[in-house]
Amino acid sequence: MDKTYDPKAIETRWYDYWESAGYFRPQHMDDSAEPFCIMLPPPNVTGTLHMGHAFNNTIMDSLTRYHRMRGYNTLWQPGTDHAGIATQMVVERQLQGENKSRHDLGREKFIERVWEWKQESGNTITTQLRRLGSSLDWSRERFTLNEDLSAAVQKVFIDLYNEGLIYRGKRLVNWDPVLHTAISDLEVLSEEEQGQLWHMKYPLADGSGHVIVATTRPETLLGDAAVAVHPDDERYQSIIGQSIRLPLTDRTIPVIADNYVDPEFGSGCVKITPAHDFNDYEVWNRHSHEAAIQALDNGGLINIFTIDAAMNDSVPEQYRGLDRFEARKRIVADLETAGLLEKTEAHKLMVPRGDRSNAVVEPYLTNQWYVKVAPLAEPAIQAVEDGRIRFVPENWSKTYFEWMRNIQDWCISRQLWWGHRIPAWYDAEENIYVGESEQAVRAQYKLGDDISLRRDEDVLDTWFSSALWPMSTLGWPQDTPEFRTFYPTSVLVTGFDIIFFWVARMIMMGLKFTGEVPFREVYIHGLVRDSEGQKMSKSKGNVLDPIDLIDGIDIDTLVKKRTSGLMQLQQADKIEKQTRKHFPDGINAYGTDSLRFTFASLAGPGRDIKFDIGRIEGYRNYCNKLWNASRYVMMSIEDQDTGLDESSPVELGLAEHWIIARLQQTEREVAQQLEHYRFDLAAQAIYEFTWDEYCDWYLELSKVTLTGDSSAAAQRGTRRTLVRVLEALLRLAHPIIPYITEELWQRVAPYAGIKDGETIMLQPYPQADESRIDATVLAAVEWVKAFILGVRRIRAEFNIAPGKPLPVRFTGGNAQEQSWLDEYRPYLTSLAKIESLEPWNESDEAATALAGDMTIAIPLAGLIDPQAELARLQKELDKYRNDRQRISAKLENSSFVDKAPAAVVDKERQRCNEIEAAIVKLEQQYERIESLN
RNA sequence: AGGCGUGUAGCUCAGCUGGUUAGAGCGCUACCUUGACAUGGUAGAGGUCGUUGGUUCGAGUCCAAUCACGCCUACCA
């Protein structure tokens, strides 16, 4: 074996081996074993792996591997979604390079082109997921636009439409003027930006004065339908019902009264632009029956924008064709000239932008399809309330309820070409026919060939198909063995940012169409951020690529990666500086296992995961430690008898019994933590057992037996324990660090008596055997450790070379300790490097330490600096005396003795006695040293 | 405005249903290349658990108030 752990050398070959051997597939397709199933949240097909994916996958793979080893019939189902807008944008950008638009190609050719792109580039992320060691069943990979998944989408649309839960309506939507499509509320990101508030004078038509209205979007003036005041506002009673001469136009609009207006804010007058503002639209709805409103063009619903958000032909000629922001400037200037601009002030406002295009979204009046969500939400709320679905951590259910109880109808149509086309047809009178195909529609509605039908041009929101993912990937609506075996799935693992987008919608759809929840548990994990807690983003230049952490990257390449393709070029310098500061030497190749162990350790209950490079370094060191421990074990057992032959005697010593007991405790702990999704604590238990118990103590203790004059049976027992505990440890750690454990296990397992072990993946997960935990053994080793540590501390304090054998004396100690001293003498002399171990006559000049009731003394004639030693003893005494005072006060408190459980009181008493004994010994030593002075 | 969350060692975080002396990793200090490992070993320094009250025999842990920070949802033109 190599002296150092090199992930590159081992990680490349195992994945192919596992995948080609079919280990990732479910073992059964029936109910002969308990099923465990996780659906991979389908990544965007245009996507590349980011830290969130890597984190998320580490958790899912750990769960999957754990359950597989536990004997569950396990399926982790992969796939990608078609990402309507994102994918269409990618291909349109390609076309742009050829100076073409999608319209030049036409719908059919364009879609062909997208499929071609998907064929070539759509597997980037699935290739990267493999690098993470993810044990996904690739033979079942799905894509939201696959035929069977599309059939599910169509069925759901048609059924919901027939039930009246999908409808078409003309309403205000969030319109992305760059992408020319409606987007849902969730795809709009509002952020505070610096803007201005313009206060404008709106003259009354009778010339008697004016009102002041303020706006952040002056261009919408051209679409105004009214000015609203509060009905009880004394100041404006007289003008309610009067007319306003709308500036820069030849229109007049009424003053109306509505409760929506806050009289305290601004002038108390609000301009109402119903076709371009959600609140104004509501106001308009309440007043649209009024004659003055009805008299306006289109009943007051005046649309002033083209699909590009340029001014359309309904506005005065001089503004037509202007972009909205250009129009804004012109209108402000014209108002100024006309003396109608009262004032302009700086104003912070929330600006809504499309999450894909980053363009300012406009409320825009269009025909769209909607899902009526409230009836679907009700059962979905119940499913969480009554525990059929459990959120972990539980608190996220509050967020879920909050949203579900205030839910809005969902706009599902998108003005795109790439996606599931809406199965609706229109006749010349705009009557709607919904069905599987034109033919089916004609048959169903008895439409003759003389009636021409035209299909709806729009496609469905990608999330509409994602909402069906747990059902559709298992074959629903067909009654398949997969669906029968694995639905409902076991757990959904995802970040909290996606609860509304996806989790809630899956629950609604699952319940609606299968009557069953789609998953029984939802594990919500935190979001990965950089070491300073900042969200990782391209524009901030703080993105880490998981593949770079695995393979390593030099600093120049990293800088280039972070600074290329930036929206704002002036950021580049800052990002370069920052990057060179954080990663002066680039990033080492840490390997997949180190990355996974890091993620597992970070998977605590918090919701921000700060990723610091120091952490992964530490876990790479852990892997190296495990590697070298195995190396030592292999060196100790190769060509040696490890007690596999039952006929030769095998003897286990204290160390063996101890490490076996600690292993059982660790196994219990790890399983318990994994059951509760505490990957951090499970990882910590594995880490501590490996490093602090197995390596620091057991390997050292084993050397005493193997290199000493122990019997053949004892040596056999030690070798057998070395290899068996290691073998179990590898299985224990395998779900988190699959590669290194497989690599080591392949070497080690035969010596542990495992024959024909093809892979660690399918070995049973270690189960604790409580009967092998012996409290006396644990206590004995604790005492042995205390003894050794005592000697080491004296060495360190007096600067005695660690290798120099020392004479050690002892005195006192209870009967058990005296017998331990006798029995475990070889461990003590070897690990503490003791030259001679004899009773102490208490007169020699010596430094002392305590091991339980026993005093350890190291004669150090002439070496001791009495002043320093007295100071040290004093410090220790102070600590003990403090403790004694606190505890005896407690014990003298009758209410404590009366009310606290007896066990607690007993413990305190015992502790008090121990402290008392220690103080006595320390005082004696103090006097001895003092007398030397 | 409403909802959620966080505040423990220089940094990143554990601390489960309240019970001895509050832990880990990284960083720091000193010593050590000992035959698994310097991606290592040994020893050590470092915390009045945001603040103030309360419940309790006992509070980092439960309750209330308060301060600071963060996130989400909805926004006032």
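The basis for the numbers below is simple: all heavy atoms, side chains too, and nothing from hydrogens, waters or symmetry mates. All of these numbers come straight from a predicted model, not from anything done at the bench. Chain letters run A, B, ... following the sequence lines, proteins first and then strands; every chain starts at 1.
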Asks: Mind calculating the distance between CG (A:Leu527) and P (B:rC72) to the nearest angstrom?
Replies: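 These atoms are roughly 9 Å apart.
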
Asks: What integer distance in Å separates A:Glu402:CD from B:rG5:P?
Replies: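 About 12 Å, once rounded to whole Å.
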
Asks: Tell me whether the side-chain N/O atoms of A:His347 come closer than 4.0 Å to OP1 or OP2 in B:rA77.
Replies: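 Indeed, a polar side-chain atom of A:His347 lies that close.
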
Asks: Please set out all donor-acceptor pairs under 3.5 angstrom arising from side-chain atoms of residues 597-611 of chain A, sequence neighbours excluded.
Replies:
residue, atom, partner, partner atom, Å
A:Thr598, OG1, A:Ser594, O, 2.6
A:Ser601, OG, A:Phe597, O, 2.8
A:Ser601, OG, A:Tyr619, OH, 3.2
A:Asp608, OD1, A:Arg529, NE, 2.5
A:Asp608, OD1, A:Arg529, NH2, 3.4

Asks: Hey, can you pull the donor-acceptor pairs under 3.5 Å for the side chains in residues 902-917 of chain A, sequence neighbours left out?
Replies:
residue, atom, partner, partner atom, Å
A:Glu916, OE1, A:Arg884, NH1, 3.2
A:Glu916, OE2, A:Arg884, NH1, 3.2

Asks: Grab the CG-P distance between A:Asp612 and B:rC11 for me, whole Å please.
Replies: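 Distance, rounded to whole Å: 12 Å.
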
Asks: Where the side chain of A:Arg615 is concerned, which of B:rA43, B:rG15, B:rU12 is the nearest nucleotide?
Replies: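 Among B:rA43, B:rG15, B:rU12, the one nearest the side chain of A:Arg615 is B:rU12.
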
Asks: Counting only distance, no hydrogens or angles, is the base of B:rC4 paired donor-acceptor with the side chain of A:Arg607 under 3.5 Å?
Replies: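 When only heavy-atom distances are counted, A:Arg607 does reach the base of B:rC4 through a donor-acceptor pair under 3.5 Å.
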
Asks: For a quick check of understanding: with a heavy-atom distance under 4.0 Å over all strands, which category does A:Thr399 fall into, base, sugar-phosphate or nothing?
Replies: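 Here A:Thr399 touches no strand at all.
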
Asks: Where the side chain of A:Lys875 is defined as all heavy atoms beyond and including C-beta, which of B:rA45, B:rA43, B:rG19 is the nearest nucleotide?
Replies: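 Closest of the options to the side chain of A:Lys875: B:rA45.
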
Asks: Would you mind reading off the distance between A:Leu891 atom CG and B:rG19 atom P, rounded to a whole angstrom?
Replies: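 Rounding to the nearest Å, CG of A:Leu891 and P of B:rG19 are 18 Å apart.
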
Asks: Across the strands shown, which category fits A:Pro901 at heavy-atom distances under 4.0 angstrom: base, sugar-phosphate, nothing?
Replies: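 Base, at least one base atom sits under 4.0 Å.
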
Asks: Between A:Arg795 and B:rG41, is there a side-chain N or O to OP1/OP2 distance below 4.0 Å?
Replies: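 Negative; the distance criterion is not met.
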
Asks: To the nearest angstrom, how far is A:Glu282 atom CD from B:rC75 atom C1'?
Replies: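 Going from CD in A:Glu282 over to C1' in B:rC75 covers 14 Å.
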
Asks: Could you tell me how far apart A:Ile887 (CD1) and B:rU20 (P) are, to the nearest whole angstrom?
Replies: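 Nearest whole value for this atom pair: 10 Å.
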
Asks: Rounded to the Å, how far apart are A:Glu914 CD and B:rU20 P?
Replies: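 It works out to 14 Å between those atoms.
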
Asks: Side-chain donor-acceptor pairs under 3.5 Å in residues 392-400 of chain A, sequence neighbours left out?
Replies:
residue, atom, partner, partner atom, Å
A:Glu394, OE2, A:Ser397, OG, 3.3
A:Ser397, OG, A:Glu394, O, 2.8
A:Tyr400, OH, A:Ala380, O, 2.8

Asks: Would you mind telling me which residue lines up with the more 5' stretch of RNA chain B, A:Val261 or A:Tyr619, judged by nearest nucleotide?
Replies: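 Mapping each residue to its closest nucleotide by heavy atoms, the 5'-most match is A:Tyr619.
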
Asks: For a quick check of understanding: with a heavy-atom distance under 4.0 Å over all strands, which category does A:Ser190 fall into, base, sugar-phosphate or nothing?
Replies: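 Here A:Ser190 touches no strand at all.
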
Asks: Please give the stem ranges for RNA chain B, sorted by first residue number, where a stem is three or more consecutive Watson-Crick or G-U pairs and both donor-acceptor distances are under 3.5 Å.
Replies: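 As far as RNA chain B goes, consecutive pairing (with distances under 3.5 Å) yields the stems B:1-7 with B:67-73, B:10-13 with B:23-26, B:28-32 with B:40-44, B:50-54 with B:62-66.
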
Asks: Output one letter per nucleotide in nucleotides 32-40 of chain B: B when a protein non-hydrogen atom lies under 4.0 Å from the base, S when only the sugar-phosphate is that close, - when neither is.
Replies: ----BBSBS

Asks: On a whole-Å scale, what distance lies between the C1' atoms belonging to B:rA14 and B:rU6?
Replies: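 So the two C1' atoms sit 15 Å from each other.
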
Asks: Using heavy atoms and a sub-4.0 Å distance, could you list which residues of residues 266-278 of chain A are near RNA chain B? By number, please.
Replies: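 Under 4.0 Å from RNA chain B: A:Val270.
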
Asks: Whether A:Lys610 contacts B:rU12 is assessed here as follows: a side-chain N or O lying under 4.0 Å from the phosphate OP1 or OP2. Is that the case?
Replies: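 So the side-chain polar atoms of A:Lys610 do come within 4.0 Å of the phosphate oxygens OP1 or OP2 of B:rU12, strictly under.
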
